[in-house]
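Below: one structure, written as structure tokens.
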Amino acid sequence: YNNHRVLIWNSIPTTNFAEADVVIGQPDFVSNTTNNGGISATSLNWPQRVFADGIRLFIADTSNHRILGYNSIPTTNGALADFILGQASFERIVSSLSSVSLVQPTMVSTYNGYVYVSDSSNNRVIMYPFGPQNVGVSAPSKTTSRNITVQLSATGAKEMLVSTKSDFSDAVWEPYSSSKSMVVPSGDGLKKIYVKYRDYANYEGSVLSANTTLDSTGPLGEISVVSPNNNGYVNDRNVVLVINGNDALSGVSQMMISSNSNFTSSVWESYSTSKNWILSEGDGTKMIYIKFKDNSGNVSKVYNTSVILDTTTEADIESINNEVYVEDKVYKVQPIPTIIGTGESGSTVLIKWEDKKLGETTVKNDGTWSWTPDTELGNGLYVLSIEHTDQAGNRVVKGLSIEVSGNSTNTGNDDIDYPPVVETPDTTEDKVDTDTNILIPVFITVGSLLLLLILFFIYNRRREEEN
């Protein structure tokens, strides 16, 4: 070690005083200067021990308080060391006591994943683990683009492998960096990034991984308006929207709703499955537009729905058995009358008497309706209620009075109590029979009087005889 060098024979010498093939620490075989050329990756100062693990070479550079490492056995004189232990750099020597420093190391060896160094002047043995330390990798949890940046960390790393394949078949060793831009495979879903570091001794660390979810597709969704009759009609500007957004990868986070497709003056709000909404003024078809945003920031296409706002309705009775309807008039009709009216297309018309349903019909597309009972109505007076209810739920009630008379044979049914039958004179008999029918009660009355007089006479005679 006094020559401040290490000699290497490429094969085991077989003769005495064999010449070495390579010298380390000096530029040639005739130099022996301490730290020849200055303290560097090639200089030595009283080296005391050498160790080779079959691949790497370690030299205990004792008086420089360091271990020089070579990733392969040097084949040229004055070869540069690849890595160093005990010092922060090749060009600076510090004698101190810490978890990484050395003072006059005299022995070096490797075993079971560690480099062992006899730190003589510090009276200890230090174990250096193989490979970089404090390693890590992170990727954005979600991304809308295939282009991402991976964050990397490792102490003592010289190189790294970064790939989306676990076997690193598409990667090559590259200089260590704390970040790397890369492209993940196409197709939405979970993506895995694999990383491995290598230190200056070419010891490789274990494989690390990080996950990211590629989400480049906007949410799906739909919207509808609660309609009282489930028919697309409402009769109030205040409505409830039913909202359904779905995003399998990252979930729906926000929504934007508007009454116009440009979403003028609308803002993003937290996603909800329902929302109170006020329709614009004026009856007619109203449009509602919605779009969704997922937790990755993707925005959906625009979805829409429509509803018909109808706050008023009109209805009337036109005629009864072709006789023009006049309010408050009582119409005399046969047992099967026909009532005709007008109303809003699609409206339901209920014909009721004393809250009992007599019949039902629907206003046709031309705005007219008619109703004729399936069976005869019983004779009597009916004060009817004609109820018109349109598709939005608006209701108009009209009154109608009819008096049924004629040869009705209907005695009613269990559900409807028909008015009492009105007896009408029989006009089919001749005049003579009618006169006879009138005289019969007169004869009966005269006979009764005569009988009373006879009885009174008999009674008085008996009283006189007794006296």
Side-chain angles (χ1 to χ4, degrees), residues 219-246 252 254-261 263-267 269-292 300-318 339-371 373-374 383-400 415-416:
L220 301 175
E222 59 184 1
I223 183 173
S224 61
V225 180
V226 174
S227 171
N229 297 319
N230 297 318
N231 59 358
Y233 283 81
V234 294
N235 60 9
D236 195 319
R237 291 178 59 203
N238 296 282
V239 297
V240 176
L241 305 181
V242 178
I243 302 163
N244 181 21
N246 177 54
V252 179
Q254 293 179 295
M255 62 185 183
M256 184 181 290
I257 306 174
S258 178
S259 58
N260 63 79
S261 58
F263 292 88
T264 305
S265 301
S266 298
V267 296
E269 58 184 287
S270 297
Y271 170 71
S272 176
T273 56
S274 67
K275 181 178 176 64
N276 294 325
W277 187 257
I278 301 176
L279 301 174
S280 59
E281 294 182 349
D283 285 3
T285 300
K286 306 296 180 179
M287 298 295 299
I288 300 104
Y289 301 87
I290 189 170
K291 54 186 176 181
F292 303 91
S300 73
K301 70 176 187 179
V302 176
Y303 296 89
N304 66 72
T305 190
S306 64
V307 68
I308 299 174
L309 175 61
D310 182 4
T311 58
T312 61
T313 191
E314 295 182 359
D316 212 339
I317 302 169
E318 295 293 320
I339 304 172
I340 297 174
T342 59
E344 194 174 293
S345 174
S347 297
T348 299
V349 181
L350 288 179
I351 295 85
K352 300 173 71 175
W353 171 66
E354 294 185 351
D355 292 329
K356 300 178 180 67
K357 178 180 173 181
L358 296 181
E360 178 180 336
T361 188
T362 302
V363 180
K364 295 181 289 187
N365 291 335
D366 63 0
T368 64
W369 63 269
S370 65
W371 177 76
D374 295 331
V383 179
L384 301 180
S385 173
I386 313 296
E387 296 182 3
H388 301 72
T389 304
D390 68 13
Q391 297 183 78
N394 300 300
R395 184 167 168 264
V396 173
V397 180
K398 295 286 184 177
L400 171 64
D415 297 325
I416 300 175

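Excluded from the calculations below are hydrogen atoms, water molecules and symmetry mates; all remaining heavy atoms, backbone and side chain alike, are included. All values derive from a computational prediction rather than experimental measurement.
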Kindly give the heavy-atom pair with the smallest separation between [X] and [Y], and that separation in Å.
| X | Y | result |
| --- | --- | --- |
| T361 | S370 | OG1-O, 3.5 Å |
| V252 | P219 | CG2-CB, 3.9 Å |
| V302 | F263 | CG2-CE1, 3.7 Å |

Do [X] and [Y] make a side-chain contact, defined as non-hydrogen atoms from C-beta onward lying under 4.5 Å apart?
| X | Y | answer |
| --- | --- | --- |
| I288 | L241 | yes |
| I290 | M256 | no |
| S224 | V242 | yes |

Non-neighbouring partners of [X] that pass side-chain contact (heavy atoms from CB on, under 4.5 Å), sequence neighbours left out:
| X | result |
| --- | --- |
| T264 | N260, N262 |
| T362 | none |
| V363 | S347, V349, W369 |
| E387 | L350, K352, S385, R395, V397 |

Point-to-point distance, once rounded to the nearest 0.5 Å, from [atom1] of [X] to [atom2] of [Y]:
| X | Y | atom1 | atom2 | value |
| --- | --- | --- | --- | --- |
| K398 | I339 | NZ | CD1 | 14.0 Å |
| L384 | L400 | CG | CG | 5.0 Å |
| K275 | S270 | NZ | OG | 10.0 Å |

Between [X] (side chain only) and [Y] (backbone N and O only), is there a donor and an acceptor less than 3.5 Å apart?
| X | Y | result |
| --- | --- | --- |
| S300 | F292 | yes |
| D283 | T311 | yes |
| S266 | I257 | yes |

### Task
Could you pull out all residues at least two apart from E360 that satisfy salt bridge (Lys or Arg N to Asp or Glu O under 4.0 Å)?
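For E360 the salt bridge (Lys or Arg N to Asp or Glu O under 4.0 Å) partners, ignoring immediate neighbours, are K357.
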### Message
For D374, I'd like to know if atom CG has over 12 heavy atoms of other residues, nucleotides or ligands within 6.0 Å.
### Response
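Open.
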List for me each residue that meets side-chain hydrogen bond (donor to acceptor under 3.5 Å, both in side chains) alongside [X], sequence neighbours excluded, and say none if there are none.
| X | answer |
| --- | --- |
| S272 | none |
| K364 | none |
| N304 | none |
| K286 | S280 |

What side-chain donor-acceptor pairs closer than 3.5 Å can you find for residues 229-240, not counting sequence neighbours?
unit_1, atom_1, unit_2, atom_2, d
N229, ND2, Q391, O, 3.2
N231, OD1, S227, OG, 3.1
N231, OD1, Y233, N, 3.2
N231, ND2, Q391, O, 2.8
Y233, OH, Q391, NE2, 3.4
N235, ND2, A392, O, 3.1
D236, OD1, N238, N, 2.9
D236, OD1, N238, ND2, 3.2
R237, NE, L279, O, 2.7
R237, NH2, L279, O, 3.0

### N394 and T312: CA distance, side-chain angles, deciding distance, side chain to side chain contact (heavy atoms under 4.5 Å, CB included) verdict
CA-CA 6 Å; N394 300 300; T312 61; 5.7 Å; no
### Query
Among pairs that include at least one residue of residues 302-316, which meet salt bridge (Lys or Arg N to Asp or Glu O under 4.0 Å), considering only residues two or more places apart or in two chains?
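Of all non-adjacent pairs touching residues 302-316, none passes salt bridge (Lys or Arg N to Asp or Glu O under 4.0 Å).
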### Message
Could you check whether K291 makes a cation-pi contact with Y303, meaning its NZ or CZ is under 6.0 Å from the centre of the six-membered ring and within 45° of the ring axis?
### Response
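Judged by the rule (NZ or CZ under 6.0 Å from the ring centre, within 45° of its axis), K291 is not positioned above Y303.
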### Task
Evaluate side chain to side chain contact (heavy atoms under 4.5 Å, CB included) for W371 paired with L358, printing each intermediate quantity in order.
CA-CA 10 Å; W371 177 76; L358 296 181; 4.2 Å; yes
